[in-house]
Amino acid sequence: IEPISMAIAVGAASIITGYFSYCRFAECCPEQRPLNATALQLALEEKLFGQHLATEVILKALTSFRNNDNPKKPLTLSLHGWAGTGKNFVSQIVAEHLHAKGLKSNFVHLFVSTLHFPHEQQITLYQDQLRKWIRGNVSACASSVFIFDEMDKLHPGVIDAIKPFLDYYEQLDSVSYRKAVFIFLSNAGGDLITQTALGFWRAGRKREDIQLKDLEPVLSVGVFNNKHSGLWRSGLIDKNLIDYFIPFLPLEYSHVKMCVRAEMRARGAAVDEDVVTRVAEEMTFFPKDEKIYSDRGCKTVQSRLDIL
Ligand SMILES: Nc1ncnc2c1ncn2[C@@H]1O[C@H](COP(=O)(O)OP(=O)(O)OP(=O)(O)O)[C@@H](O)[C@H]1O
């Protein structure tokens, strides 16, 4: 081999080696990292209780998005449901499967409405900040993940600032947003989901028979018409820029028990069924007559376990 080719080969090899050893210590943006769909499926099936629709849709949506080398738009998921049903929990699982450090990754960004966008008078400022923040982060890492929690507390119109980023543009000001993932979390639509779940229960039908088509259209229309959804009359819905509306069903007594057991195992304790029952019985259930669904889902399980 002639000396110049040799030098180029050695140089290239050391750049590649340097890059990989650098990425062992610092976090690198995983442009081409494929999604381990089997691991994601396992995590959802093992850890997320009572949410057959969310499990199925999230798995399908992420797998097809990540298997596509040339998506036409970023992936946008809107998660809806009662408090404590697993929306933040699932976002954490998804984040961990897209970026190894999960919510702690430099490429996963969590916005909380009441913390980051509290004042109604500053909507224009928030919109500017949001656009700059997203543009900067997607420029640094195309596969960035943005999670917007408490969408129902977001002032109407704020989110429309990012509409162009969610659209089918190849590039905007030299930045492509097509590989990014946007996840919206909201309690809005929780009542509609409960009504449907209750309808199935009262008709003696299985919870698992509820299909996405029973809920998704109701949800998108309900959220669009709800002034307190963060997506009220939003161009994101109008222009079909939200890929999936994902319903989180209200959790039943048996699911609360599963959460207690999971929490005990996570603490390294043996599962004590007496304690599991005591914690589950401390929770309150609705509707008033039937008492089927936990009104806080699994949210207070950890603190109740602490005081037993
Ligand atoms: N479906 C579920 N399966 C397993 N664990 C769950 C589920 N739902 C909730 N949990 C447990 O309860 C905790 C609180 O739930 P989470 O924060 O995901 O609720 P949320 O739906 O985001 O509620 P909110 O709308 O009030 O923000 C989770 O960290 C998890 O431990």
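Atoms within each ligand, like the ligands themselves, are counted from 1 in listed order. Only heavy atoms go into these numbers, but all of them, side chains included; no hydrogens, no water, no symmetry mates.
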Checklist entry - Can a salt bridge be assigned to the pair Asp128 and Arg131 using a cut-off of 4.0 Å between side-chain N and carboxylate O? => result yes
Item to check | Stepwise side-chain contact (heavy atoms from CB on, under 4.5 Å) test for Ile292 and Phe286 | outcome: CA-CA 6 Å; Ile292 311 162; Phe286 72 99; over 6 Å; no
Item to check | Region of Leu251 engaging ligand 1 - heavy atom pairs below 4.0 Å | outcome: side chain
Checklist entry - For Leu48 and ligand 1, does the shortest N/O to N/O distance drop below 3.5 Å? => result no
Checklist outcome for this item: Paired with Gln51, the side-chain contact (heavy atoms from CB on, under 4.5 Å) test is passed by just one of Val90, Leu44, Thr85, namely Thr85
Checklist outcome for this item: the protein heavy atom lying closest to atom 13 (C) of ligand 1 turns out to be Cys298 O, 4.4 Å
Item to check | Heavy-atom side-chain proximity of Leu249 to Leu215 below 4.5 angstrom | outcome: yes
Checklist entry - Quick one: does ligand 1 sit under 4.0 Å from the side chain of Cys259, the backbone, both or neither, non-hydrogen atoms only? => result side chain
Checklist outcome for this item: Counting from 1 in the order shown, the ligand 1 atoms closer than 4.0 Å to a non-hydrogen atom of Ala83 are 23 (O), 24 (P), 25 (O), 26 (O)
Next on the checklist: With heavy-atom distances below 4.5 Å as the criterion, would you say the side chains of Ser294 and His255 are in contact?
Outcome noted: no
Next on the checklist: With a 4.0 Å cut-off on heavy atoms, is Gly81 in contact with ligand 1?
Outcome noted: no
Checklist entry - Who's closest to atom 18 (O) of ligand 1 heavy-atom-wise, of Phe89, Trp82, Phe248? => result Phe89
Checklist entry - Is there a donor-acceptor contact under 3.5 Å from the side chain of Ser144 to the main chain of Asn137? => result yes
Item to check | atom 3 (N) of ligand 1 [closest protein heavy-atom partner, distance rounded to 0.1 Å] | outcome: Phe49 N, 2.8 Å
Item to check | Nearest neighbour in protein (non-hydrogen) for atom 21 (O) of ligand 1 | outcome: Lys87 NZ, 2.8 Å
Checklist entry - With respect to atom 22 (O) of ligand 1, which of Asn88, Leu79, Val260, Leu44 exhibits the smallest heavy-atom separation? => result Asn88
Checklist outcome for this item: Per ring-ring contact (aromatic ring centres under 6.0 Å, His included), Phe146 is matched among Phe107, Phe182, Tyr177, Phe165 by Phe182
Checklist entry - Does ligand 1 have a heavy atom under 4.0 Å from the side chain of Asn187, from its backbone, from both, or from neither? => result side chain
Item to check | Beyond-backbone contact of Lys87 with Asn187, side-chain heavy atoms, under 4.5 angstrom | outcome: yes
Checklist entry - Counting heavy atoms only, which of Lys299, Gln302, Lys47, Glu46 comes nearest to atom 4 (C) of ligand 1? => result Lys47
Item to check | Winner among Gly84, Ala262, Ala266 once heavy atoms are compared against atom 20 (P) of ligand 1 | outcome: Gly84
Next on the checklist: So if I apply the side-chain contact (heavy atoms from CB on, under 4.5 Å) rule between Pro247 and each of Thr196, Ile210, Ile193, which one comes out positive?
Outcome noted: Ile193
Checklist entry - So is Thr85 polar-close to ligand 1, meaning N/O to N/O under 3.5 Å? => result yes
